[in-house]
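Scroll down for the structure; my scribbles are underneath it.
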Amino acid sequence: MDKRVFVSKLILERLQDYLENTQITENDKFFEIGADSVIIVRLRQEIEDRCEVDVFIEDFVNGNLISIEDLVDKVAGEMTLDKPLPEEGSSVFADNDSISI
């Protein structure tokens, strides 16, 4: 699985879980789908833990990261993991996580 696909699946699955809405896509805008500061902080931590990329809250507030696609592009572009990504079709989450793809 390439970085962009991994990041997209990670972000979309988490947002769909947090917001209980399976219809969320990369084209959606964070605040239009109901994401709030608590969800942004949770998502930010998930990205930092799994992708080793810093995401700043100010980027959401200042409008630098408006859509989910903006965030996916930023994280995938900055991601430099040394560990291999999951194979296509497998889960992007650890075994103890409840969400799978």
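- Taking CG of Leu10 as the reference point, atom CG of Asp49 lies at 10.0 Å (rounded to 0.5 Å).
- No donor-acceptor pair under 3.5 Å is formed between the side chain of Asp73 and the backbone N or O of Asp70.
- What you find for Ser8 and Val72 is that their closest heavy atoms are CA-CG2, 3.9 Å.
- Asn62 places no side-chain N or O within donor-acceptor distance of the main-chain N or O of Asp59, the cut-off being under 3.5 Å.
- Contact check on Arg44 versus Asp54 returns no salt bridge, with no Lys/Arg side-chain nitrogen under 4.0 Å from an Asp/Glu carboxylate oxygen.
- With a 4.5 Å cut-off on side-chain heavy atoms, Asn27 and Ile68 do not count as touching.
- Note: the hydrophobic cluster containing Ile47 also contains Ile39 (ILVMFWY, side chain heavy atoms under 4.5 Å, direct or indirect links).
- Between Glu13 and Tyr18, every side-chain heavy-atom pair lies at or beyond the 4.5 Å cut-off.
- Residue Leu65 is grouped with residue Met79 when hydrophobic side chains (ILVMFWY) are merged at heavy-atom distances under 4.5 angstrom, including chains of intermediate members.
- Here the side chains of Cys51 and Phe6 are in contact, with some heavy-atom distance below 4.5 Å.
- Distance CD1/Ile11 to CZ/Arg50: 12.5 Å, rounded to 0.5 Å.
- Connection of Ile66 to Phe56 is not established within any shared hydrophobic cluster, with ILVMFWY side chains joined at heavy-atom distances below 4.5 Å, either directly or through further cluster members.
- No side-chain heavy atom of Ile40 sits less than 4.5 Å from a side-chain heavy atom of Asp36.
- Closest non-hydrogen pair, Ile24 versus Leu19, comes out as CD1-CD1, 3.7 Å.
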**OP:** Run the numbers on Lys74 and Glu78 for salt bridge (Lys or Arg N to Asp or Glu O under 4.0 Å), then give the verdict.
**Re:** CA-CA 6 Å; Lys74 172 191 172 35; Glu78 294 180 15; 2.9 Å; yes
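- Here Leu12 contributes atom CG and Asp28 contributes atom CG; the two are 8.5 Å apart, rounded to the nearest 0.5 Å.
- Using a 4.5 Å heavy-atom cutoff, the side chains of Leu43 and Phe30 are in contact.
- Between Arg4 and Glu26, at least one side-chain N (NZ, or NE/NH1/NH2) sits under 4.0 Å from a carboxylate O, which counts as a salt bridge.
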